[in-house]
Amino acid sequence: MPAIRIDETLVSTASRQPWSVRSRTLRGGTQEGVDVVEIDNGKLSFVVLLSRGMGIWKGQNGKTRLGWDSPVKDPVHPSLVNANDCGGLGWLKGFNEWIVRCGLSSMGAPGADVLVDNNGNEMEAFLPLHGNIANLPARAACIEITAEEIILRGEVHETMMFGPALRLNTEIRTCFGSSTLTINDTVTNMGDNPAEHQLLYHVNYGQPLLEKGARFLAPFKQVAPRDPRAAEGIDHFDTFDAAVPGFVEQAYFMELAGKRGNRETLAMLKNAGGDQASLLRFSLKDFPCFTLWKNTAGERDGYVTGLEPATAYPNPRRFERQKGRVITLASGQSRSTSLIVENLDTKKAVKAAEAEIKGLQKSAKGKVSQTAIARFSNI
Amino acid sequence: MPAIRIDETLVSTASRQPWSVRSRTLRGGTQEGVDVVEIDNGKLSFVVLLSRGMGIWKGQNGKTRLGWDSPVKDPVHPSLVNANDCGGLGWLKGFNEWIVRCGLSSMGAPGADVLVDNNGNEMEAFLPLHGNIANLPARAACIEITAEEIILRGEVHETMMFGPALRLNTEIRTCFGSSTLTINDTVTNMGDNPAEHQLLYHVNYGQPLLEKGARFLAPFKQVAPRDPRAAEGIDHFDTFDAAVPGFVEQAYFMELAGKRGNRETLAMLKNAGGDQASLLRFSLKDFPCFTLWKNTAGERDGYVTGLEPATAYPNPRRFERQKGRVITLASGQSRSTSLIVENLDTKKAVKAAEAEIKGLQKSAKGKVSQTAIARFSNI
Amino acid sequence: MPAIRIDETLVSTASRQPWSVRSRTLRGGTQEGVDVVEIDNGKLSFVVLLSRGMGIWKGQNGKTRLGWDSPVKDPVHPSLVNANDCGGLGWLKGFNEWIVRCGLSSMGAPGADVLVDNNGNEMEAFLPLHGNIANLPARAACIEITAEEIILRGEVHETMMFGPALRLNTEIRTCFGSSTLTINDTVTNMGDNPAEHQLLYHVNYGQPLLEKGARFLAPFKQVAPRDPRAAEGIDHFDTFDAAVPGFVEQAYFMELAGKRGNRETLAMLKNAGGDQASLLRFSLKDFPCFTLWKNTAGERDGYVTGLEPATAYPNPRRFERQKGRVITLASGQSRSTSLIVENLDTKKAVKAAEAEIKGLQKSAKGKVSQTAIARFSNI
C-alpha cells in the first residue's frame, strides 16, 4: 500500500464535525490486495480504490447511495483483469465503480489502431475497451487534512518502454460537512516524444437517483444518438425508465453549451421526485465531449446510467483521431482538468441547478438529431 | 484469505479420531498468495485451493496418493495465468489438480464462438480452454464441523458486466474416518437474462492408481473415440499402459447407463492388482456426458488419466450447442449437482463396486464404436 | 517470498569489509509484492528481482551507477504484465532492468510459430517479445556466504502441461570488495521429450557509462546491421551519440572471436573518458551470438544500450530455427552457462581490457557488412 500518513497537527485544527479517513486493504476473492481509502467528511463519504487507478468505488451522501449495483460485486484486483479477454471487453470484468476514469492513452470502444513499434515501423495493434488507467495501481498516495477539507492525492503511471509514458496526478478534495467532491487531475507526458491522450470520466448511477421518471439535464447545442439502437429512444433521451431486463444500452453524444469565458458547464441526473440529484460541473475546455449512457437493464444485470464528460467520444481511438478529437501532449506537457460532483438533496437545490442549466440552454439552440450524425459517429 | 473460522463448540462434539483442518497461504514463486485449506478426516486428507476456484489440489487416502505429477509443480496463482496464452491453452500453465472444475460459462477445447456484446450485437470471440472457474479466487469460504463430518463451503463468482453472472456455491463434505468426499455444487445465474452454463469435473489420477494394467470401469451404452488418434486405441480403451514418453493423449466420449429413477451411475479407476480404486458416483441427470482422458505419457510430462463427468463433452462450446448439450439457466435459476468420490483400498470393496457396475451394464448394450461418431465429435 | 536464510557461522568468517545482504518486499503501485534481495559486497552492490525471474534491477560500483532510466520506474510484478498486450510487446511494460534474461523457450521479436498441441497436432501460436522468464517468480532462493564471496541461488520454472518444462537454476556470485559479479545459469529440460531453448542476456546501460563518445569494443569476425535502419549507422556502430529524442533503435548482429580452446571472449562498453567501463566475459560455446542494441533516444524515453550475449539472435524464433540456431535440450538434459560482469573504474583497467580485446581481434578479420546479411537477418 502506498504510504498514507495523517498529519496530527493538521487534524487537530480540522472541523469539529465527526469525520474520518481510513486506509485498508481488502481481502478475499478477486478483491484480495486492493488498497482503499475511505473518506467521510461528516456528510459525504466515498471509497477511493488506490489499486484501481484512484477510481471511486461508491459513495454515500447523507442517506443517498451514490453508485450502482454491477454484476461484479467486489473491486477486482488489476492482476485478475485481462483487458484483451472477450474480444477486448475484459475491462468489464472489473467494472463496478461510481466514478472510473477511462484512458490515459486510449479509451472508448475496442478497435484496431496503428502504433509505432520499437523499430519505428507502423504496426496494427488492438486497443481494448477503455484503456489501462482503471487497472493500474497508484504508485503513491497521501492525505492532507486542512482546517476546511480532506485532500487525497495519488499518482498513477501508465508507461511502457517504446510506448506512452503518461503520469496521472490526481487530487480528490472534499470540504467537511459538504456534499461535494472535486477531482483535480493532471496528466503529464513524461516521455521525450509527443503522446496521444484520452480521458473520460465514467460517472455511474443506479438507484435511488436512477429510477423511473428520473431525468438528465444539461445545456446542449447538439444531441445525437450513437447508433440506430440509441435512435430508437431519441425522443425521450433525457428521461429514464424503470429497469427492463434485456434492455440494450443507448448512448447519446452531445455538445454542451458553456459559460462565456471559462466555458464552464454542468450536467445533472435528478430523481423522479426532484429532491435528489447529482450534478457534474466542469469546463468545456477540459472536456469538450459529453456522452450519456443509458443502460436501464434489469437490476441484476446493472441498472445504471453513466454521465461521461471526456476529451472525446468513446468511439474507437482511430475514429476519434480522424475527427481531430484526440489530444496530443508534447514532451513534458501537462494537462490539468477539474471535475466537481455536487450531490443535491433538497428540492430547492435541485431547482436552483435546473435554473442554472436552463439559463445556459437559452444561449444554445439545443438541436436534437433523430439519427446518428457523421461528426460524432462512424456511420 | 476469506474467513475460515472453526466453531469450537462443534469441534468438541466431533469424532475422537485424530483429524485436522488447517488454513494457510502458500508462499514463493507462482504459488505466492494461494490460499488453501487442508482437511484431514483421520483417513482421507486433501487440500482445497480457495484461490483456484475451490479445486482440490491433491489427496491422500491412507497410504495412497490421489492426484498426479504435473510438470507444473505448484498451485499457480490465477493472476499469473493468462487463459489466452499459447493459442488459448494458457489454462495448462496452472493445471496440476487432482479435481478441477472446468466451466462455468464455457469449457472444453478452445474455439471461436459468437457472443452478444454490450450493444446487443453478435461478435465473434475466442473461448480459451476450459473456461474461467479454475482461475477465480473464492469470494467467501467457511468450515463447519459436525459430530460426523467436516464441511467446507465456498463461493466463487464468474461475472462481468454485459457477460455471464454465474455464482458457484460449493460444499465439500467428508465424514470422520471415511475414504469418501462429496462435492455438492450449486450454480446460479445471478443475471436478469438467460445464461449458458457448462460444468466438467476433471478428476485426475497418476500413480499409484494409474499403472500398467490399471482399468477403467463404467456401465456404458456407447463409447466412441474422440478422433482418429483415440480410435487407434479403441480396442483397449478401458485398460492402461505404462508411461510412454511421447504418447499422445486419447479421449473417449461415453454415454453411461444409470439406475432407474434417480439415474445414478458410477465410474471407476482400479489399479492392476485390483486392491485400490477411486470411484466416482453421480447422477446422469447432473452429468449426462462422460469423457475418459488417457494421457499415459512419460512420467515427467504428466502420466495421468482423467475421469470427467460433465454437462457436455469437452468440445468447443459452439459445437456442443449445435448438439443441444449446452445448458441454459434462466434468470435466478440454480442448478445443483453432486459428485461423490470414494477411494477403495481393499479387494473386497473394489469387487463390490465392480459388481455394481456390471449390474448396471446388463441393462445397457454397451456399444463401442471403432471411430468417432457425429453425435459426439465434429467429424 | 522464497526463504532467504543467512548462516551466521559463515557470516562470522566472512570478509571484514562492510557488506550486507538484505531481503525485502517492495510495496505500492505496480511493484507491490515484488521480492528483492539487495547485495552489497563492500564495493559492488546490486538488487536481484526474485519475483521477476532473478533478473538484476540495478547496480552500483563505487560511485558508478549500473543500469539505466526506463520510462517504467518500478519493478513491475509479473501478474500485471500481459505479454500479449500491444501486439505481443507487453514485455516492454516491465522492462527496466540492468540485466534481464530473455527466454527460456523463446526470445526475440514477436512472431507466429508452430507449436504442437495436446493432441499432437501442429498449431500456429503467437510468441510474444522475449518470452516468459523475466515474468516468472523464483520458486526458491537462498543465500550462501563464504569467506570470500556472497552467493545467491534461485530456481525458476517455466512449465506448462503439454508445453515446455524448463527449469532455471541460477547462481549469482560476487567476491567481497570486488567489482565483479558472475551469473552461472543452468537450464534443464524437466520433460520427457526434447524441448527447444533460447537464452539471451539483455545487459543494459544508460548514463554514466553510456554518453556521447562512449565506445563499444569486442573482437568480432563479422558485424552486420539488423535492418536498413541499423545500416544507416553502420560506419560508427561502435560509438555512441548523446541522447536524441526520437532516435530509432539500431541493432547490430555479430559473430565474435574467442580464445582457442575454451572460446572465451569479451565485450565492453567504456565511457568517453576511458576511465569507466563494464566488461562482459563469456564463452562462445555458451553464447555464440552477440547483439549490440543502440537506443540513444531521449533520456526520458530510455537512453540505453544493450550488450546481448545469447544462444541466438533476437529474431522471431521461427527464423532462428531455420538458421539452425535454436538449441534443443533432450529429456533431462541440462545446459550450464556463465556470464561474468566486470566493472572497471580506472584507465589502467580499461586499457588492459582493451588490449585483451585487440589481441583477440588480431586473430579475426573483423568484417563489417554495410547492409543486413541473410545469415543473420530475414532479408
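Heavy-atom basis, side chains included; hydrogens, waters and symmetry copies ignored. All values derive from a computational prediction rather than experimental measurement. Each chain gets a letter, A, B and so on, in the order its sequence line appears, and its residues count up from 1.
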message: I'd like to know if the side chain of B:N84 pairs up with that of A:D85 as donor and acceptor (distance under 3.5 Å, no hydrogens or angles considered).
response: yes

In terms of side-chain heavy atoms, does A:T25 have a donor or acceptor partner in A:D35 at a distance below 3.5 Å?
yes

Looking only at B:V81, B:L115, B:N119, most heavy-atom pairs under 4.5 Å shared with chain A are made by B:N119

Cut-off 4.5 Å, heavy atoms of chain A, and the answer for B:N189 is neither

Turns out that what part of A:D301 lies under 4.5 Å from chain B's heavy atoms comes down to both

Max heavy-atom pairs within cutoff under 4.5 Å with chain A, candidates B:S331, B:S51, B:A125, B:G163, goes to B:S331

- Any side-chain donor near an acceptor of the partner, B:E196 and B:S105, under 3.5 Å: no

Q.
Would A:E249 and B:N118 count as a side-chain hydrogen bond (donor to acceptor under 3.5 Å, both in side chains) here? Give the steps.
A. CA-CA 7 Å; A:E249 67 170 42; B:N118 49 313; 3.3 Å; yes

Would B:K58 count as a cation-pi partner of B:F46, with NZ or CZ less than 6.0 Å from the six-membered ring centre and within 45° of the ring normal?
no

Answer key: most heavy-atom pairs under 4.5 Å with chain B among A:A251, A:G94, A:G246, A:G302 is A:G246

Bottom line for A:V304: the part with an atom under 4.5 Å from chain B's heavy atoms is side chain

Scored by heavy-atom pairs under 4.5 Å with chain A, the best of B:S79, B:G33, B:G120 is B:S79

task: Classify the ring geometry between A:W293 and A:H202 as parallel (under 30°), tilted (30 to 60°) or perpendicular (over 60°).
output: perpendicular

